[in-house]
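Small disclaimer: the values here were computed from a predicted structure and weren't measured. All residue numbers refer to positions in the sequence shown, counting from 1.
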Amino acid sequence: MNIIYVKMFGNFNVTIDNEKILFPYNKVQALFCYLIINKECTREKLAGLLWPEEEENIAKKNLRNAIYKIKKAFNLEVLISPRKSTVMINPNIEIKTDIDNFLSNKDDLNTYKGHFLTGFYVKNAETFQTWVIETREHFQQIYTNRLKENISIEKENKNYNKVENYCKMLIKMDEFDEESYRELMKSLKNNNKCNKAVEVYHKLSEILNKELDVEPQPATKKLFNEILNEISLTNCSLKSKEFFFGRYEELKCLEAAYLKFKNEIQAKSILILGEAGIGKTKLKEKFLEGISQNDIFILETSCYPLEKDYILKPWNNIILKLSKIIRTTNISIPLSCENIIASFFPEFSKNYSGNLKLIESNNLKYEIIGNALGDILRIVSSHKKIMLVFEDIQWLDSMSLSLLNSILLSESKNIILICTCRNEYNEDLDKFMTSMNRYNKLNTLKLERLSHIETEDFIKKHYLTTICLKKWQIKYTARQKEIYSF
Ligand SMILES: Nc1ncnc2c1ncn2[C@@H]1O[C@H](COP(=O)(O)OP(=O)(O)OP(=O)(O)O)[C@@H](O)[C@H]1O
Ligand SMILES: [Mg+2]
């Protein structure tokens with residue numbers, strides 16, 4: 001028995017026993033689709049629907065021809081005319097459609113893969129085209145109602161992840177439907193994901209601004225302000241956490257790179273690049289806040305402009321931290337390495353007697369120190385991965401840069417670098433970046449200035465936080481006064 005399957009949600013497709021059926025021209029497909037939905041129709045109506053501009057006898061002749069083409073495409077009597085004046089789908093042939101599946105199961109949310117007959121257009125057949133649009137809207141309405149029903153059920157159950165999912169499905173159907181965005185923002189807020197809700201608002205503003213040149217509706221703006229208030233209140237209650245705004249994409253990028261490194265998928269260092277004061281340090285700190293020192297050793301250091309001529313100076317902090325790790329975790333390192341490092345960084349080892357004579361030639365001396373440091377980092381990182389954090393790498397001396405480069409390239413699986421850098425030209429740094437890029441070991445995260453809308457939000461949010469803190473201070477001062485007057 002032949003199995004005919006017709007797909008009308010999204011792009012039209014029809015198969016017989018899994019073989020695709022092709023119709024010779026659009027009006028043949030239009031006739032087939034119309035009959036699949038309506039099952040039966042008079043010849044007169046069909047002729048008027050598809051050939052409105054033709055004389056009646058020509059239109060009917062065209063219709064006969066189209067019916068013939070459909071039967072020929074299937075090589076079956078899919079259409080019959082028990083009464084001469086009408087045409088109908090042969091009820092003795094089984095035809096399955098996605099529309100029937102969708103309509104017969106009230107809970108079905110998977111069959112609607114796109115709007116009814118997406119992109120299908122028939123020239124010179126206005127009434128037919130109106131029918132397509134009306135039918136499209138009809139099915140869309142059914143699907144939308146089902147999603148909305150599900151949203152209200154899952155909202156009752158506090159199943160916020162499901163609510164978010166359904167809202168996103170609604171937004172996919174109509175990217176300008178602000179009600180769906182509001183529902184999504186509310187759900188994210190209730191699910192303690194206020195930052196995500198802010199992100200959704202920004203996406204909506206961007207789409208509305210770009211496509212329609214309008215702003216979000218007052219109700220959406222009001223909700224957005226409530227969410228900002230909520231964030232500020234949270235910031236107030238967590239006094240230790242400093243005010244941080246936006247940079248969601250950048251944080252996501254840093255977190256993704258870290259997870260890949262931790263899970264051994266890929267190890268790529270990240271250079272946070274941008275003009276002075278753009279927020280490089282703030283972003284780096286926010287990112288480090290979310291990382292547990294149990295999973296990884298974080299070795300941080302900063303570079304300063306006046307130290308650019310002091311070779312290997314910024315490694316001092318790293319050496320100190322390393323020495324502490326080695327002592328507390330009992331990692332054993334070769335005595336020769338220990339002595340070489342201690343000859344240059346005396347804090348590294350208490351055992352160092354001070355009589356190791358390094359070769360006088362400076363470059364060779366630094367090379368030996370560099371190798372020893374590299375060896376120690378390798379040994380420590382084989383116990384637990386290491387993240388080196390260099391602040392303001394534009395001021396790192398060239399010897400340190402080449403040491404960093406060789407460590408990162410030779411031990412890239414277990415050591416990565418996160419660094420901040422001003423976007424000023426620097427020859428040594430340029431060489432470092434070129435070398436790292438050649439081996440695909442570096443991603444540059446360029447921080448841009450906040451957009452106009454973001455700046456407005458920043459001010460609002462910061463203002464609310466400040467007010468909140470002030471209120472807290474007032475209460476605190478009042479309490480102090482109470483205590484003292486007592
Ligand atoms: N995302 C943010 N949220 C809140 N405050 C921020 C944010 N980004 C930057 N700031 C504030 O702006 C100021 C400058 O930021 P930051 O010190 O991070 O800039 P930078 O790019 O590291 O500058 P430099 O090149 O001078 O080191 C700081 O007071 C910081 O608290
Ligand atoms: Mg900085």
Side-chain angles (χ1 to χ4, degrees), residues 147-172 175 177-207 216-259 262-263 279 282-295 450 453-454 456-472 475:
L147 283 173
K148 286 187 177 165
E149 268 166 36
N150 275 285
I151 287 176
S152 70
I153 294 169
E154 298 305 347
K155 237 164 55 176
E156 286 272 304
N157 299 337
K158 297 198 175 3
N159 237 333
Y160 297 120
N161 289 342
K162 284 198 173 164
V163 175
E164 282 154 34
N165 212 6
Y166 294 138
C167 288
K168 282 179 192 160
M169 285 157 93
L170 276 178
I171 291 172
K172 213 168 147 193
E175 61 171 356
D177 176 15
E178 284 197 38
E179 206 185 312
S180 311
Y181 284 90
R182 281 198 293 270
E183 205 59 79
L184 176 58
M185 284 162 70
K186 274 186 218 159
S187 175
L188 287 165
K189 176 174 167 251
N190 292 334
N191 206 3
N192 295 323
K193 295 184 195 160
C194 282
N195 280 344
K196 285 253 173 250
V198 170
E199 218 175 299
V200 169
Y201 178 82
H202 282 143
K203 273 199 187 129
L204 169 69
S205 311
E206 220 178 280
I207 291 174
Q217 292 164 357
T220 319
K221 282 188 180 172
K222 186 167 168 271
L223 174 64
F224 175 57
N225 278 328
E226 281 166 24
I227 291 166
L228 288 183
N229 274 343
E230 184 94 9
I231 293 176
S232 306
L233 286 172
T234 324
N235 278 348
C236 279
S237 59
L238 301 169
K239 277 175 258 86
S240 65
K241 289 216 169 140
E242 288 201 4
F243 170 71
F244 185 81
F245 176 85
R247 302 286 186 212
Y248 308 107
E249 291 303 319
E250 291 85 350
L251 265 177
K252 251 193 254 167
C253 175
L254 284 163
E255 278 155 13
Y258 168 65
L259 281 179
K262 201 174 109 186
N263 299 328
K282 191 82 180 174
L283 173 69
K284 178 211 77 183
E285 279 168 4
K286 181 77 187 168
F287 161 65
L288 291 180
E289 234 176 54
I291 293 181
S292 161
Q293 300 257 0
N294 296 333
D295 299 333
L450 299 183
I453 299 174
E454 284 171 326
E456 270 180 19
D457 295 347
F458 178 94
I459 294 166
K460 271 191 217 156
K461 211 165 126 184
H462 194 255
Y463 176 67
L464 284 167
T465 315
T466 320
I467 290 197
C468 224
L469 276 175
K470 276 196 183 138
K471 274 188 196 156
W472 177 81
K475 267 193 206 155

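Although no hydrogens or angles enter the test, the distance criterion places no donor-acceptor pair under 3.5 Å between the side chain of Y160 and the main chain of K186. The backbone N or O of Q217 lies less than 3.5 Å from a partner atom in the side chain of E178, making a donor-acceptor pair. A distance-only check finds no donor-acceptor pair linking the side chain of N191 to the backbone of S187 [under 3.5 Å].
No more than 12 heavy-atom neighbours from other residues, nucleotides or ligands sit within 6.0 angstrom of NZ on K203. Within 6.0 Å of atom NZ in K196, 12 or fewer heavy atoms from other residues, nucleotides or ligands are found, so the atom counts as exposed in its surroundings. Few gaps surround CD on E255; more than 12 heavy atoms of other groups in view lie less than 6.0 Å from it.
Looking only at side-chain heavy atoms (C-beta outward), Y201 and K221 come within less than 4.5 Å of each other. Using a 4.5 Å heavy-atom cutoff, the side chains of L251 and L283 are in contact. Taking the side chain as every heavy atom from C-beta outward, Y181 and I207 approach each other to under 4.5 Å. Between S180 and L184 there is no side-chain heavy-atom pair separated by less than 4.5 Å. Using a 4.5 Å heavy-atom cutoff, the side chains of L170 and E179 are not in contact. Using a 4.5 Å heavy-atom cutoff, the side chains of K193 and E164 are in contact. With contacts defined as side-chain heavy-atom distances shorter than 4.5 Å, the pair E183/K155 qualifies. With a 4.5 Å cut-off on side-chain heavy atoms, L204 and F224 do not count as touching.
Considering CG of N225 and OG1 of T220, their distance stands at 11.0 Å, rounded to 0.5 Å. Y166 OH to I171 CD1: the interatomic distance, rounded to the nearest 0.5 Å, is 15.0 Å. Interatomic distance, K172 NZ to L147 CG, rounded to the nearest 0.5 Å: 11.0 Å. Separation of atoms SG (C253) and CZ (F287) is listed at 9.5 Å; rounding is to 0.5 Å. Atoms CD1 and CD1, on I151 and I153 in that order, are 10.5 Å from each other to the nearest 0.5 Å. The distance from atom NZ of K282 to atom NZ of K284, rounded to the nearest 0.5 Å, is 11.5 Å.
Across all non-hydrogen atoms, the minimal contact from N195 to Y248 is CB-CE2, 3.6 Å.
For K222 and E226, the salt-bridge test passes: some basic side-chain N is under 4.0 Å from an acidic carboxylate O.
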